[in-house]
S.K.: 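Below you'll find the structure I mean.
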2 protein chains.
Amino acid sequence: MAIPSARAGKPVTIRDVAAAAAVSIGTASKALNGRGRMREETRDRVFAAAERLGFRPNPLAQGLLAGRTYTVGLVTGDSYGRFSIPVMLGAEDALGAGQISVFLCDTRDDPIRERHYVERLLARRVEGIIVTGRRTEPRAGLGSGLPVPVVYAMTRSADESDVSIIPDDEGGGALATRHLLATGRTRIGHITGPERFEAARERARGVKGALTRAGLEPAGEILFGQWSEEWGRQAADILLHTAPDVDAIFCGSDQIARGVAETLREAGRRVPDDVALVGFDNWEPMALGCRPPLTTVDMNLGEIGRLAARHLLDAIAGHPSPGGVRTVPGTLVPRASTRRST
Amino acid sequence: MAIPSARAGKPVTIRDVAAAAAVSIGTASKALNGRGRMREETRDRVFAAAERLGFRPNPLAQGLLAGRTYTVGLVTGDSYGRFSIPVMLGAEDALGAGQISVFLCDTRDDPIRERHYVERLLARRVEGIIVTGRRTEPRAGLGSGLPVPVVYAMTRSADESDVSIIPDDEGGGALATRHLLATGRTRIGHITGPERFEAARERARGVKGALTRAGLEPAGEILFGQWSEEWGRQAADILLHTAPDVDAIFCGSDQIARGVAETLREAGRRVPDDVALVGFDNWEPMALGCRPPLTTVDMNLGEIGRLAARHLLDAIAGHPSPGGVRTVPGTLVPRASTRRST
DNA sequence: TTGAAAGCGCTAACAA
DNA sequence: TTGTTAGCGCTTTCAA
């Protein structure tokens with residue numbers, strides 16, 4: 001598509017303000033920026049003129065001079081946006097507070113498009129880049145030669161010298177498990193997504209760790225499968241056969257948990273009375289639509305975005321964080337699926 | 001939060017390129033932009049130097065001169081992002097193709113924040129603004145005094161002179177109804193969201209229109225309620241009592257449809273054999289998780305975003321579309337919930 | 001064919 | 001206290 005030609009409209013420049021206030025451009029600039037000393041009356045006059053004319057300094061010109069743009073790029077894959085959107089909003093939140101604006105780029109998980117967008121962001125002189133998007137495994141970094149700092153959020157760079165902010169999946173698994181233990185459950189099963197997902201493995205590790213510390217074993221095998229309701233239904237069937245005495249199930253996602261809930265209900269097991277259920281994601285439409293509403297682990301995605309933004313701002317300010325992975329703890333959101341009904 | 005101070009890093013300027021190629025700055029500029037005539041050899045030398053040094057023209061400087069920024073603002077409410085994200089991506093798609101970059105702003109549906117962000121975007125000299133976000137009713141426009149064109153997507157400006165791109169809700173309702181009629185259903189019920197939502201009213205109107213044209217009436221009352229699964233369950237119960245002979249139900253959202261599916265199953269009605277079911281949104285995790293997978297209407301959100309972007313680009317190019325509402329037709333996505341099993 | 005100079009809107013020196 | 005000047009990186013006359 002061709003670049004459309006410029007539109008009319010002539011913004012008010014500082015030159016106009018200066019003329020209207022009958023001062024020089026330099027004086028107008030100083031007045032507006034509160035630099036140097038000057039007569040109260042002059043400053044007022046300039047402000048009045050600026051106000052009246054609706055003057056807004058042109059940030060391009062300011063940036064050109066300062067060598068800054070006050071912009072960062074936000075590169076996201078995961079078009080579906082379920083995970084990366086809350087992260088984006090958190091980041092936008094933290095950056096917006098610092099008067100930094102955000103360029104949005106959607107790569108559709110295509111490395112070519114990603115490369116292309118990064119080029120474009122660099123051409124625009126963004127001062128930093130946040131890369132977000134859920135991945136199975138650590139992803140290749142953007143490259144080390146970049147002239148601006150990069151922070152990875154909700155995805156992990158394979159390069160250990162990069163800063164990556166991800167959820168504490170192991171901690172989340174342990175959190176859910178401890179919650180179930182605290183409600184008196186001891187035969188706890190775990191149904192989760194594909195084993196090739198680092199997140200699934202980490203959550204499972206958290207489960208095993210918490211159980212071991214309590215002197216327990218998981219009920220049945222840990223079942224790796226898909227991130228779908230359908231898998232939840234199948235896996236629940238399996239678990240009910242291999243570990244009929246199961247009294248709690250922690251699921252790797254809210255979707256899986258919904259499938260599990262259905263199978264349990266159809267098998268005549270009451271939730272939470274006979275079997276308590278915990279999900280993961282706190283994806284509200286899913287968790288609230290479940291019968292009963294689902295206790296689940298919230299990954300605090302917004303916080304992940306905010307933290308990523310803060311690391312980026314620090315790096316831009318010349319105080320880069322040491323590379324490595326930082327995790328954000330999850331929060332347990334208790335609902336009816338684990339409520340003691342006694 | 002304070003604005004962080006500038007970071008080191010010294011980008012390559014055209015001055016550097018000119019020096020390396022042993023030509024003047026003006027010549028280097030002409031060579032790089034293919035303007036004017038010049039010796040092949042000189043042009044090559046400049047290109048080689050630019051390549052070697054990794055030169056990228058500073059768009060701030062270019063924009064300063066051209067009086068353009070090649071940026072637009074994307075203002076979104078609807079933090080949850082379920083609707084506005086696909087719209088955003090569609091818009092970003094169309095704009096990105098034209099080398100326009102997108103500033104993302106999330107207003108959290110707060111008019112103060114919105115105002116604030118619009119100011120900021122204007123200060124940054126964006127060349128246009130897209131406003132997106134699901135609303136119950138037409139929203140107040142951003143104001144008519146804006147120096148740049150504005151297009152509303154997935155939300156309707158109350159000002160008829162503004163351009164708004166929204167889904168064809170009435171057409172979607174009719175589409176779903178005709179699909180049910182085509183599969184031989186005649187006792188068709190409709191369960192939907194709150195009547196205060198224009199979208200709910202429009203879809204219902206589409207249903208009634210299609211039925212009337214077929215010489216039919218809705219089965220039972222049209223049930224307005226909530227956009228939730230819980231309401232779907234309740235409403236299905238009601239409908240099964242008031243219109244026990246119902247053989248199809250069209251729901252105003254996929255979430256409602258899931259609730260309906262559950263109640264039907266528990267009431268011993270088979271889907272689609274006894275009662276066919278159609279949802280709205282094509283929200284895949286919901287529609288695919290349903291038992292059976294849900295036939296539903298896709299609003300083509302990406303297309304809405306793309307269209308909004310195209311209108312904006314035209315307006316920026318000096319060819320504003322006449323104000324008014326433009327609708328994007330939905331698409332029926334057939335799945336098992338309406339499949340003939342005979 | 002190439003180079004020099006002006007200027008986009010702004011700020012920061014320095015001069016008056 | 002105010003005005004003048006230079007220059008940020010680039011494009012575009014116009015002159016050589």
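All figures in this text were calculated on a predicted structure; none of them were measured in a lab. Only this structure's heavy atoms are used, side chains among them; waters, hydrogens and symmetry mates stay out. Below, chains carry the letters A, B, ... as their sequence lines are ordered, and counting in each starts from 1.
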S.K.: Under 3.5 Å, sequence neighbours excluded: what are the donor-acceptor pairs made by side chains of residues 35-42 of chain B?
M.R.:
residue: B:Arg39; atom: NH2; partner: B:Glu41; partner atom: OE1; Å: 3.4
residue: B:Glu41; atom: OE2; partner: B:Arg45; partner atom: NE; Å: 3.1

S.K.: Give the B/S/- string for nucleotides 10-16 of chain C, one per nucleotide from 5' to 3', where a protein heavy atom under 4.0 Å of the base yields B, of only the sugar-phosphate yields S, and otherwise -.
M.R.: BBBB---
S.K.: Select base, sugar-phosphate, or nothing to describe what A:Arg39 touches, counting heavy atoms under 4.0 Å on all strands.
M.R.: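 Since only primed, P, OP1 and OP2 atoms lie under 4.0 Å of A:Arg39, the category is sugar-phosphate.
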S.K.: Could you list the residues that satisfy ring pair (Phe, Tyr, Trp, His ring centres under 6.0 Å) with B:Phe55, not counting sequence neighbours?
M.R.: none
S.K.: A:Asp44: which residues meet the salt bridge (charged side-chain N to carboxylate O under 4.0 Å, His left out) condition with it, sequence neighbours left out?
M.R.: none
S.K.: Quick test of your reading: applying salt bridge (charged side-chain N to carboxylate O under 4.0 Å, His left out), list the pairs with at least one residue in residues 144-167 of chain B, sequence neighbours left out, ordered by first then second residue.
M.R.: B:Arg156-B:Glu160, B:Arg156-B:Glu198
S.K.: Please identify each residue that fulfils side chain to side chain donor-acceptor pair (under 3.5 Å) with A:Thr71, with sequence neighbours left out.
M.R.: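 For A:Thr71, the residues satisfying side chain to side chain donor-acceptor pair (under 3.5 Å) (neighbours in sequence not counted) are A:Thr69.
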S.K.: Side chain to side chain contact (heavy atoms under 4.5 Å, CB included) between B:Cys105 and A:Glu92: does it pass, once the steps are laid out?
M.R.: CA-CA 7 Å; B:Cys105 304; A:Glu92 202 261 353; 4.1 Å; yes
S.K.: Return the set of residues passing salt bridge (charged side-chain N to carboxylate O under 4.0 Å, His left out) with A:Arg115 (not counting sequence neighbours), or none when no residue passes.
M.R.: A:Glu119
S.K.: Over the length of the helix from C:dT1-D:dA16 to C:dA16-D:dT1, how much do the five-pair end axes diverge, rounded to 10 degrees?
M.R.: 60°
S.K.: Go through the structure and list residues passing salt bridge (charged side-chain N to carboxylate O under 4.0 Å, His left out) with A:Asp93, not counting sequence neighbours.
M.R.: A:Arg306, B:Arg108
S.K.: Could you tell me from which nucleotide to which nucleotide of DNA chain D, 5' to 3', there is an atom under 4.0 Å from chain B heavy atoms?
M.R.: D:dC8 to D:dT12
S.K.: Does anything in residues 137-152 of chain B form a salt bridge (charged side-chain N to carboxylate O under 4.0 Å, His left out)? List the pairs, not counting sequence neighbours.
M.R.: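 As it turns out, the salt bridge (charged side-chain N to carboxylate O under 4.0 Å, His left out) pairs with a partner in residues 137-152 of chain B, which skip direct neighbours, are B:Glu114-B:Arg139, B:Glu137-B:Arg201.
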S.K.: With B:Arg43, which residues qualify under salt bridge (charged side-chain N to carboxylate O under 4.0 Å, His left out), at least two apart?
M.R.: none
